[in-house]
Amino acid sequence: MGLTWAKASKILQMMPSGLEELHLCKNQIDGFGSPDENKVLPSNLKLLNLEVNKLSDWSEVLKLTYLVSLRNLILNENRLGTVFFPCNSDHTYFPVLESLSLRMNCIDSWSSVNAIATLLSLHELKFRNCPLVEDDPPLQVRQLIVARIGQLTSLNGSTVTKQERQIAEWYYLNRYLTDWVKSSESDCSQQQFATLHPRYAQLAKVSRPS
């Protein structure tokens with residue numbers, strides 16, 4: 001049957017305080033409860049594996065942001081439909097997170113990829129087998145992700161080279177060029193485009209790859 005968070009949190013209270021790596025795979029965890037329940041994880045935890053659980057609400061994942069030393073977060077095979085970080089908060093979310101795994105979730109919007117791009121320490125992403133990446137051929141999806149997340153050096157286990165990044169960013173610029181030009185017709189349209197494509201204005205300065 002697997003553990004719920006209520007049961008898991010009781011066990012975790014007996015774990016060593018210096019624990020740096022924790023695997024809670026194949027359980028029934030769908031959330032992290034009240035503040036008293038969700039802060040039982042060691043604050044110096046560096047790797048947390050929650051693969052194959054029942055998480056469906058990213059708000060529950062945000063309850064883990066007190067883990068300021070977390071470098072690797074594995075959320076494969078859950079039910080997450082979106083990724084977001086409140087923009088009206090001074091809180092820094094997952095400040096040193098370097099690797100995020102989101103394979104086989106229910107994410108269906110590029111806004112989630114834009115949100116992931118705000119994790120400035122993130123260099124490695126595993127993101128496949130979800131509705132969003134089924135909209136285009138695999139190569140084009142990879143290019144769009146690479147272009148939207150400027151700090152990525154590895155995507156789905158494959159290194160992002162400098163040349164690949166240049167080509168991906170040029171493809172992204174060309175694909176949305178017409179929308180960008182149309183957005184200049186009004187301030188409202190410009191704001192909408194900027195929300196959908198936070199990096200576009202910056203990338204518009206990139207020269208066509210040789």
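Since this is a predicted model, take the numbers as computed values, not measurements.
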| Stepwise side chain to side chain contact (heavy atoms under 4.5 Å, CB included) check, Y176 with L144 | CA-CA 11 Å; Y176 293 102; L144 292 173; 4.0 Å; yes
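- Looking only at distances, no side-chain donor or acceptor of S69 sits under 3.5 Å from a matching main-chain atom of K46.
- With Q151 contributing its side chain and L119 its backbone, the two residues share a donor-acceptor pair below 3.5 Å.
- The pair E77-K26 does not meet the salt-bridge criterion, since no charged nitrogen lies less than 4.0 angstrom from a carboxylate oxygen.
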| request: Kindly determine whether R103 and F127 satisfy side chain to side chain contact (heavy atoms under 4.5 Å, CB included), including the steps that lead there. | output: CA-CA 5 Å; R103 293 186 298 104; F127 189 85; over 6 Å; no
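- Here the side chains of N49 and N76 are not in contact, with every heavy-atom distance at 4.5 Å or above.
- At a threshold of 4.5 Å between side-chain heavy atoms, the hydrophobic network of Ile, Leu, Val, Met, Phe, Trp and Tyr places L120 and L152 in two separate groups.
- Residues V96 and V68 do not share a hydrophobic cluster, defined by chaining ILVMFWY side chains whose heavy atoms lie under 4.5 Å apart.
- The nearest pair of heavy atoms linking S112 to V83 is OG-N, 2.9 Å.
- Taking the side chain as every heavy atom from C-beta outward, W110 and L196 never approach each other to under 4.5 Å.
- Panel note: side chain T195, backbone Q191; a donor-acceptor pair is recorded below 3.5 Å.
- Across every non-hydrogen atom of K63 and G33, the tightest pair is NZ-O, 2.9 Å.
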| message | side chain to side chain donor-acceptor pair (under 3.5 Å), that's the test. Do H123 and S154 meet it? Break it down for me. | response | CA-CA 6 Å; H123 297 296; S154 176; over 6 Å; no
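- Between E169 and Q143 the shortest side-chain heavy-atom distance does not fall below 4.5 Å.
- Linking Ile, Leu, Val, Met, Phe, Trp and Tyr residues whenever their side-chain heavy atoms come within less than 4.5 Å places L73 and Y66 in a single cluster.
- Evaluated for a side chain to side chain donor-acceptor pair (under 3.5 Å) with S99, the options E124, R71, K126 yield exactly one hit, E124.
- In this structure, the side chains of S183 and Q192 stay at 4.5 Å or more apart for every pair of heavy atoms.
- Checking R79 against N105 by side-chain atom types alone, no donor-acceptor pair falls below 3.5 Å.
- Considering every non-hydrogen atom in both R165 and V146, the closest pair reads NH1-O, 2.8 Å.
- Ring geometry for H197 against Y172 counts as tilted: the plane angle lies between 30° and 60°, on a 0 to 90° scale.
- Looking only at side-chain heavy atoms (C-beta outward), D30 and N53 stay at 4.5 Å or farther from each other.
- Taking the charged nitrogens against the carboxylate oxygens, D136 and R175 do have a contact shorter than 4.0 Å, which makes a salt bridge.
- Closest approach of W5 to F32, counting heavy atoms only: NE1-O, 3.3 Å.
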| query | For I145 and L155, what are the C-alpha separation, side-chain angles and deciding distance, and is it a side chain to side chain contact (heavy atoms under 4.5 Å, CB included)? | reply | CA-CA 9 Å; I145 294 174; L155 177 59; 4.0 Å; yes
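- Under a hydrophobic clustering in which Ile, Leu, Val, Met, Phe, Trp and Tyr are joined whenever their side-chain heavy atoms come within less than 4.5 Å, directly or via other members, L139 and V133 fall into different clusters.
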| task | For the pair S158 and N156, evaluate side chain to side chain donor-acceptor pair (under 3.5 Å) and give the outcome as yes or no after the intermediate values. | result | CA-CA 6 Å; S158 177; N156 293 327; over 6 Å; no
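- At least one donor-acceptor pair under 3.5 Å links the side chain of N27 to the backbone N or O of L24.
- G31 approaches E60 most closely through the heavy-atom pair CA-OE1, 3.2 Å.
- L102 places a side-chain heavy atom less than 4.5 Å from the side chain of I107.
- By the 30° and 60° cut-offs, the orientation of the rings of F85 relative to F94 is perpendicular.
- The two residues L55 and N78 make their nearest non-hydrogen contact at N-OD1, 3.0 Å.
- With rounding to the nearest 0.5 Å, the separation of CD1 in I116 from OG in S111 is 9.5 Å.
- Counting only heavy atoms from C-beta outward, the side chains of P95 and T65 never approach each other to under 4.5 Å.
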| query | Would L48 and L70 satisfy side chain to side chain contact (heavy atoms under 4.5 Å, CB included), going step by step from the backbone distance to the final call? | reply | CA-CA 8 Å; L48 178 58; L70 194 64; 3.9 Å; yes
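- Other residues, nucleotides and ligands place no more than 12 heavy atoms under 6.0 Å from the CG atom of D187.
- To the nearest 0.5 Å, the span separating CG on L47 from CG on L22 amounts to 8.5 Å.
- Checked by atom type and distance alone, the side chain of R128 never pairs as donor or acceptor with a backbone atom of M104 at under 3.5 Å.
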| request: Might you work through the ring pair (Phe, Tyr, Trp, His ring centres under 6.0 Å) test for Y200 and F193, ending with a clear yes or no? | output: CA-CA 9 Å; Y200 197 94; F193 185 87; 5.2 Å; yes
